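Worksheet: the structure to be examined is printed underneath.
In this text the structure is predicted, and so the values were computed from the model without any measurement. FYI, side chains are in, hydrogens and waters are out, and symmetry mates aren't considered; it's all heavy atoms of this structure. Ligands are counted one by one from 1 in listed order, and the atoms in each one are counted from 1 as well.
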Amino acid sequence: MSQSFEALWHQTLDALLEAVWLIDEETLSIRFANRAAEKLTAYDRETMQGMPVQALAATPQDLCLWEDANQWRTGSQTLTQVLCRDGVLRPVEQRVERIAFPSGGAAGWLMLSMLDRSEQARNENELEALLSDLRATLDSTADGMLVCSQDGGIRAFNHRLATIWGLPRDMLVERNDASILDYMAGKVIDREGYALRLQELHRQPLLESTDVLALDGGQIIERRSVPQLKRGAPIGRIHTFRDITREVEVQAGLELAARVFDCSLDAIFIADAEHRLVRANPACRRLMGERNCAGRNVRDLFGSSTPPNWYAAAQQEWSTGGFWQGNLWLEQGAGQRCPVRLSWVALRDAHNVVFQTIGFMRDLTQQQQAQQRIEELAFSDALTGLPNRLSLAAHVGEAIERAADTHEVFAILFIDLDHFKIINDSLGHQFGDRVLKLVAERLQACLRSADMLSRLGGDEFVLYLQGCDEALAASVSQRILGEMLHPFLLDGLGFSVQCSIGVAQYPSHGHTLDELIMQADTAMYRVKERGRGHYSFYQPQMNSGLLSRMKLEHAMRQALEHNRMAVYFQPQVHIGSNRIMGAEALLRWTDPEFGVVSPAVFIPMAEESGYIVTLGAWVLEQSIREAVHWSDQGLPLKVSVNVSALEFRQTDFVERLQQLLLRHGLPSHLLELELTESILLQDAQEMAARVRAIADLGVGLVIDDFGTGYSSLGYLKKLPIAKIKIDQSFVRGLPHDQGDRAIVSAIISLGKALGTEVVAEGVETSEQRDCLRDLHCHFFQGFLCSPGLPAEAFGARMREQGVLGEDDWHAGAVPGQGLGLQSGSSGRQ
Ligand code: C2E
Ligand code: CA
Ligand code: CA
């Protein structure tokens, strides 16, 4: 190598930025180091001249490198460190290359070059530190992070993400982007919405969004998604996820509390430490009369009628129990106030100092009213509002106590409505209740203020008449009976309700209210037995009446088998022809002890006990038998048999009737059944069906006591009725009583309209009969012709009259000439 060339070569090497050493391949000693090498190692060139290259080697790998010629011969490039003069190791990128001179011998030169990597290493270190900081930060945040590239692939995520989403471990290890993203999408309840949102974010890389996701485990996740920018351009997205389940719950709880506060029916207020109102819920404001109460002291809310010490008591209670409860009067403004129950709670801070109080108030007005009502109810009759027995007992008890000193007398009247059951049965209990109220009002109007009317129940009233002697009691009773004669009007329906009254006197008839009521009841019962609509004073022998009633019932049950009963027949006269065309079967009973007992007495008794079913069946069979008998003798009469409600309601009634007719061979048109209107009104549909079945058999149906019930004409019109009977009470006043005449006339026209025949009952005089004839009534029954007769006597009477012919059924026969007439007779059996 020429001198000048070598100098040029060295100059060139000095110009390089790389540190370069030329090394003798054989001795591995440094022959030349350039300026950059000086700078890198801090050795000067002269020092390095002749230095073994191993002096620069800092790592075992480098020492090995120089030991093994094969390695450096083939050339090598490594990242390593160089040992500098100051003992510092500097990171370098090192290359060894063999330089073979064309002129050179076997041994040659090696060129060792190093690029200082200190800066880069420092940068890398810093970057690494930064990264690790970042990672630590990411991992320590409470949010889950997911960094995605623009195409949606996952670039990074933190642990928290895995926890929030519950990503399985395997998936984390595997790091399969698609399966992680799928897993997340699969956990969202609204999968469709989730997918759409991701698509939108993908389409608009700069979009920022916050979404709330509900996961199927019940978690609520908030996802915030922002673009990741590099030099202002989006390169991906960062999604952060926050588990807000608890916040949502807390928020919901707060909202709930606020709603409870707003919607509570209880009035709630919050007051500060000085007990000044700070907040009141709507219920509280309503209760306080919508005044602006903010700032008012709690103590001033409650009026003067409240116990004065309550405020102090409340604070005393707080020190022990934390809350106080009591009833107060809340002032509502404008002189109004209402009773409230206040629960007042103190809230304390960490130093046990009351900083707020909460009051809960409940309006007690209704409760108090209810309480009052309960008390009223305990002492009054719910239907009429009259005092009940309890209240009467208290009142009469006081009177009895007073009487010990004053010797005052008083009377107890037991008032029972007559035939009230008919009203109840035919018009319904509601109507009956309203009637009872009207009756109560009317009775009340007959009294002085010192008297007391009470209702025992049903249609029974008890009246206490203060300072009342016998004469006064009689006059009050008469007044009541007189008042009750005036008809009542309800729903456009006029009707009358009568009553029976029993009177007991204090002290002659009893010394306690119970005794007096019992005696008055007995007296009342006697009135009922004797035909109702009257009053009677208690008489000691009356009590034996009850005993005799039991005996009577017993006797009745034995009467049939001892042949003490018989069926009598009362003729039914055709007014036009004046001939007997039929008969009503009437039951008669003669008892060895009681004598002749009226059906008006024993029939109701039999109805009450159910024995009427037996009696009725017997009467029906007897009547059919007699009818067949007369028919066989050429006297074909219609026999009319009374049927009680209980009998008619027997489910096999129609069937038994049919069998009886068959067994005795009676043509069904010779039999009629008498029913009262009230029988047909209960279970109207079923009864109507039964009536039709009977009509289908050919048996005639008769409405008895027509005009005393309440049946609707519309209803009657639909039933196959053969006859209606005008009650005796309307016939009695004929011909002079205009009212009776009008009623009878109306019933007859009505019968015509309904297409039925009309029978007048209880005709006793020829004037009555003539009047009925003028009014075009078809038949009559009554003592004018004959009372009920034993079958024998009736048959004889019929034979006298002769065989009935077709003509008899046509009007025009001269009145008064028929054999059926016993002129002027009104004899009773
Ligand atoms: P009712 O069906 O209205 O019978 C008519 C009643 O009026 C009979 O009373 C009869 O004797 C009576 N009477 C007939 N003509 C006159 C008259 O001109 N003047 C007066 N003042 N009364 C007259 P009786 O026989 O005392 O029967 C009373 C009630 O007992 C009957 O009223 C009927 O409801 C019932 N009754 C009688 N027999 C039976 C029966 O076999 N079965 C059923 N279920 N009830 C019967
Ligand atoms: Ca009858
Ligand atoms: Ca009758």
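- By heavy-atom distance, the residue among Arg588, Met565, Gln622, Gln781 lying nearest atom 11 (O) of ligand 1 is Arg588.
- You'll find the side chain of Ile603 reaches within 4.5 Å of the side chain of Ile612, heavy atoms only.
- Checked against a 3.5 angstrom limit, the closest N/O atoms of Glu607 and ligand 1 fall outside it.
- Close approach to Val619 involves these atoms of ligand 1, each under 4.0 Å from a residue heavy atom: 41 (O).
- In terms of N/O distances under 3.5 Å, ligand 1 is approached by Asn642.
- Annotation for ligand 1: atoms under 4.0 Å from non-hydrogen atoms of Gly782 are 15 (N), 18 (O).
- Take the N/O/S atoms of Glu674: the one nearest the Ca ion (ligand 2) is OE1.
- The closest non-hydrogen atom to atom 29 (C) of ligand 1, taken over Pro599, Ser786, Pro604, comes from Pro599.
- Checking each of Thr756, Val702, Val759 against Ile724 for a side chain to side chain contact (heavy atoms under 4.5 Å, CB included) leaves exactly one that passes, namely Thr756.
- In Leu784, neither the side chain nor the backbone holds a heavy atom less than 4.0 Å from any atom of ligand 1.
- Around CD of Gln558, the count of heavy atoms belonging to other residues, nucleotides or ligands within 6.0 Å exceeds 12.
- A donor-acceptor pair shorter than 3.5 Å cannot be found between the side chains of Asp416 and Ser500.
- Residues Ile480 and Cys499 are in side-chain contact: their nearest non-hydrogen atoms beyond the backbone lie under 4.5 Å apart.
- Numbered from 1 in the order shown, with element, the atoms of ligand 1 that lie under 4.0 Å from a heavy atom of Gln570 read 14 (C), 15 (N).
- If you look at Asp704 and ask which of its N, O or S atoms sits nearest the Ca ion (ligand 2), the answer is OD2.
- Each of the following atoms of ligand 1 lies closer than 4.0 Å to a heavy atom of Asp705: 3 (O).
- More than 12 heavy atoms of other residues, nucleotides or ligands sit less than 6.0 Å from atom NE2 of His509.
- In this structure, the side chains of Asn578 and Val573 come closer than 4.5 Å at one or more pairs of heavy atoms.
- Between Leu701 and Leu719 there is no side-chain heavy-atom pair separated by less than 4.5 Å.
- Taking the six-membered ring where the residue is Trp, Phe488 and Phe495 present parallel rings, their angle staying beneath 30° rather than reaching 60°.
- Between Arg625 and Glu621 there is a salt bridge, since at least one side-chain N of the basic residue sits less than 4.0 Å from a carboxylate O of the acidic one.
- When only interatomic distances are considered, the shortest N/O to N/O separation between Leu586 and ligand 1 does not fall below 3.5 Å.
- Among the atoms of Ser640, no N, O or S atom falls under 3.0 Å of the Ca ion (ligand 2).
- Backbone and side-chain nitrogen or oxygen atoms of Glu764 are examined, and one is located within less than 3.5 angstrom of a nitrogen or oxygen of ligand 1.
- Using a 4.0 angstrom heavy-atom cutoff, Lys725 does not count as in contact with ligand 1.
- Lys725 is listed as a side-chain neighbour of Glu674, based on a closest heavy-atom distance under 4.5 Å.
- A salt bridge is absent between Lys437 and Glu441; no separation between the charged side-chain nitrogens and carboxylate oxygens falls under 4.0 Å.
- Looking at heavy atoms from C-beta onward, Leu552 lies in side-chain contact with Val601 at the 4.5 angstrom threshold.
- Shown in contact with Glu584 at under 4.0 Å from a heavy atom are these atoms of ligand 1, numbered in order with element: 2 (O), 4 (O).
- The N, O or S atom of Glu584 lying closest to the Ca ion (ligand 2) is OE2.
- Those atoms of ligand 1 that come under 4.0 Å of a heavy atom in Val763, given as number and element, are 18 (O).
- Those atoms of ligand 1 that come under 4.0 Å of a heavy atom in Gln728, given as number and element, are 19 (N), 20 (C), 21 (N), 22 (N).
- Looking at Val567 against ligand 1, nothing comes within 4.0 Å, counting heavy atoms.
- Taking distance alone, with nitrogen or oxygen atoms compared against 3.5 Å, Ala600 stays at or beyond that limit from ligand 1.
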